[in-house]
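Okay, so here's the structure we're looking at.
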Amino acid sequence: MAAETLPPIAPKGLDAQGYIEREGSLGRIPQPFRPVVAAARDRVLDVFGPRLHSAYLYGSVPRGTARVGRSDLDLLLALRDEPTDADREGVRELGQALDKEFPQIDGVGTLLHSRDLLLSDVERHDLGWFVACLCTPLLGDDLAEYLPRYRPASLLARETNGDLALLLPRWRERIEAADSDETRTRLVRFMSRHLVRTAFTLVMPRWNGWTSDLREMAEVFAAYYPDRADRLRTAAALGHAPTADTAVLRAYVDDLGPWLAAEYTRVHGTKTPR
């Protein structure tokens with residue numbers, strides 16, 4: 001059972017009305033990453049032209065916390081129509097080219113969706129919230145203008161991360177298919193971050209605040225689930241400095257992940273089926 005104690009980190013990330021403040025800005029981009037962002041902006045337009053509705057940055061680069069040679073570049077692209085397989089291949093090739101050309105980044109992750117999906121009712125508290133609160137406008141008409149304000153409530157927690165149980169079988173398949181240290185290292189980084197963020201949103205409504213800092217997320221979680229605190233702190237550290245250790249991945253899908261999925265369902269319910 002969760003232990004209700006005073007969190008070591010005071011709640012933050014909300015405005016005076018209790019809504020989650022949008023994080024990140026173009027002005028916070030560290031100087032070494034500005035050429036990467038400029039190239040990404042121009043090449044996205046080259047790939048999609050008038051089909052592109054808007055483009056956004058998210059993650060450590062617009063938050064100003066990116067580390068040279070360690071951080072990836074995260075993009076979200078909204079198209080005026082539904083993305084095709086050819087569009088996804090174009091995005092993959094664009095990411096590979098940027099990663100190869102700019103040593104200051106370690107990979108490019110791009111989310112590609114239609115404008116209609118991002119503004120749909122079913123995505124209102126998942127992708128919609130993501131755009132409105134965690135994405136920094138880079139190109140086009142900002143979709144946040146068409147979305148509501150968000151509070152750190154149970155509904156938001158359920159719709160953002162209430163599908164971990166569905167993801168775990170796919171994660172096991174990816175672990176089995178991993179055939180190199182590079183692939184396993186990327187999986188450790190991805191799964192570590194996902195689990196820490198899920199653990200944080202589990203307690204987010206009780207804490208009544210928002211942060212994207214992995215270590216802060218782990219500390220907030222630790223105040224409510226001290227028995228699992230050390231595992232979350234380790235996952236937060238591995239989210240920044242991952243290893244290729246298969247044992248870490250196994251522990252995620254055999255222990256931490258199943259426990260977290262069950263507790264999440266108990267507290268917030270399951271995500272609306274897509």
* **Side chains of Leu57 and Ile29 in contact at under 4.5 Å (non-hydrogen atoms)** => yes
* Does the side chain of Arg186 come within less than 4.5 Å of Asp106's, by heavy atoms? -> yes
* Looking at residues at least two apart in the chain, or sitting in another chain, which of them share a side-chain contact (heavy atoms from CB on, under 4.5 Å) with Ala244? -> Asp181, Arg184, Thr185
* Check the pair Arg231, Asp255 against salt bridge (charged side-chain N to carboxylate O under 4.0 Å, His left out), reporting the backbone distance first and the verdict last. => CA-CA 10 Å; Arg231 272 165 278 197; Asp255 177 32; 3.0 Å; yes
* **Pair listing, salt bridge (charged side-chain N to carboxylate O under 4.0 Å, His left out) test, anchored in residues 23-32, at least two apart** => Glu23-Arg63
* **Asp87: partners by salt bridge (charged side-chain N to carboxylate O under 4.0 Å, His left out), with sequence neighbours left out** => Arg51
* To do: Give the cluster check for Leu256 versus Leu214: same hydrophobic cluster or not, with ILVMFWY residues linked at side-chain heavy-atom distances below 4.5 Å.
  => yes
* Asked: Between Phe221 and Arg228, is there a cation-pi geometry (under 6.0 Å to ring centre, at most 45° from the normal)?
  -> no
* To do: Specify the closest pair of heavy atoms between Leu202 and Glu263, including all atoms of both residues, with the distance to one decimal.
  => CD2-CG, 3.9 Å
* Working for side-chain contact (heavy atoms from CB on, under 4.5 Å), residues Val44 and Leu52 -> CA-CA 8 Å; Val44 163; Leu52 181 72; 3.5 Å; yes
* Take Ser54 and Asp142, measure what side-chain contact (heavy atoms from CB on, under 4.5 Å) needs, and give me the verdict at the end. => CA-CA 7 Å; Ser54 49; Asp142 184 9; over 6 Å; no
* Donor-acceptor contact below 3.5 Å, side chain Glu216 vs main chain Thr211 -> no
* Shortest non-hydrogen contact from Asn208 toward Pro11 -> O-CB, 3.5 Å
* Using a strict cut-off of less than 4.0 Å between a Lys/Arg side-chain nitrogen and an Asp/Glu carboxylate oxygen, indicate whether Arg124 and Asp121 qualify as a salt bridge. => yes
* Asked: Are Thr160 and Leu156 close enough that some pair of their side-chain heavy atoms sits under 4.5 Å apart?
  -> yes
* Where at least one partner belongs to residues 231-274, residue pairs that pass ring pair (Phe, Tyr, Trp, His ring centres under 6.0 Å), sequence neighbours excluded -> Tyr225-Trp259, Tyr264-His268
* Could you walk me through whether Arg115 and Asp81 pass salt bridge (charged side-chain N to carboxylate O under 4.0 Å, His left out), step by step? => CA-CA 7 Å; Arg115 175 189 182 278; Asp81 50 11; over 6 Å; no
* Asked: Does one hydrophobic cluster hold both Leu143 and Leu26, with members joined at side-chain heavy-atom distances below 4.5 Å?
  -> no
* Asked: Does His194 have any ring pair (Phe, Tyr, Trp, His ring centres under 6.0 Å) partners at least two apart in sequence or in another chain, and if so, which?
  -> Trp171, Phe190
* **Common cluster, Val122/Leu147, ILVMFWY with side-chain heavy-atom separation under 4.5 Å** => no
* Please round to the nearest 0.5 Å and tell me the distance separating atom CG of Asp72 and atom CG of Asp74. => 4.5 Å
* Distance (rounded to the nearest 0.5 Å) between Cys133 SG and Arg22 CZ -> 8.0 Å
* Quick one: are His53 and Leu79 in side-chain contact, heavy atoms under 4.5 Å? -> no
* Can you tell if the side chain of Arg250 reaches within under 4.5 Å of the side chain of Thr246, non-hydrogen atoms only? -> yes
* To do: Would you check, one step at a time, whether the test salt bridge (charged side-chain N to carboxylate O under 4.0 Å, His left out) holds for Glu123 with Arg274?
  => CA-CA 9 Å; Glu123 292 294 347; Arg274 299 299 195 260; 2.9 Å; yes
* Do Ile20 and Ile9 belong to the same hydrophobic cluster, where Ile, Leu, Val, Met, Phe, Trp and Tyr are linked whenever their side-chain heavy atoms lie under 4.5 Å apart, directly or via other members? -> yes
* Asked: Going by heavy atoms in the side chains, are Leu14 and Glu21 under 4.5 Å from each other?
  -> no
* Asked: Please walk me through it: do Asp213 and Lys12 pass salt bridge (charged side-chain N to carboxylate O under 4.0 Å, His left out)?
  -> CA-CA 12 Å; Asp213 183 280; Lys12 62 179 186 178; over 6 Å; no
* Structure fact -> Only residue of Thr136, Val131, Leu139 satisfying side chain to side chain contact (heavy atoms under 4.5 Å, CB included) with Tyr56 is Val131
* Which of these passes ring pair (Phe, Tyr, Trp, His ring centres under 6.0 Å) with Trp210: Phe200, Tyr150, Tyr19? -> Phe200
* State plainly whether the residues Glu173 and Arg170 are in salt-bridge range, i.e. N to O under 4.0 Å. => no
* Going by heavy atoms in the side chains, are Leu98 and Val108 under 4.5 Å from each other? -> yes
* Going through the checks in order, is the side-chain contact (heavy atoms from CB on, under 4.5 Å) test met by Glu219 and Arg233? -> CA-CA 7 Å; Glu219 291 306 319; Arg233 291 180 179 123; 2.7 Å; yes
* Asked: Can Val47 be reached from Leu138 by stepping across I, L, V, M, F, W or Y side chains whose heavy atoms are under 4.5 Å apart?
  -> yes
* Structure fact -> Closest non-hydrogen atoms of Val196 and Ala236, given as atom of the first, atom of the second and distance, are CG2-N, 3.6 Å
* **Distance, nearest 0.5 Å, that separates CG of Leu73 from CZ of Phe102** => 9.5 Å
* Any idea which heavy atoms bring Ala261 and Leu168 closest together, and the distance? -> CB-CD1, 4.4 Å
* Shortest non-hydrogen separation from Ser114 to Leu117 and the atoms involved -> OG-N, 3.1 Å
* Can you tell me if Arg80 uses its side chain to pair, donor with acceptor, with the backbone of Pro50 under 3.5 Å? -> yes
* Heavy-atom side-chain contact between Pro152 and Trp207 under 4.5 Å -> no
* Asked: When you check the gap from the basic side-chain N to the acidic O, do Asp15 and Arg149 get nearer than 4.0 Å?
  -> yes
* Asked: Step by step, would you call Thr110 with Leu77 a side-chain contact (heavy atoms from CB on, under 4.5 Å)?
  -> CA-CA 7 Å; Thr110 304; Leu77 308 180; 3.9 Å; yes
* Would you please say whether a donor-acceptor pair under 3.5 Å links the side chains of Asn161 and Thr201? => yes
* Asked: When rounded to the nearest 0.5 angstrom, what distance separates CG in Leu118 from CZ in Phe130?
  -> 10.0 Å
* Structure fact -> Those residues at least two apart in sequence (or on a different chain) that pass side-chain contact (heavy atoms from CB on, under 4.5 Å) with Ala237 are none
* **Spacing of CG belonging to Asp163 relative to CZ belonging to Arg158, to within rounding of 0.5 Å** => 12.0 Å
* Structure fact -> Closest non-hydrogen atoms of Tyr58 and Gly109, given as atom of the first, atom of the second and distance, are OH-O, 4.3 Å
* Which value, rounded to the nearest 0.5 Å, describes the distance between Met217 atom CE and Met204 atom CE? -> 9.0 Å
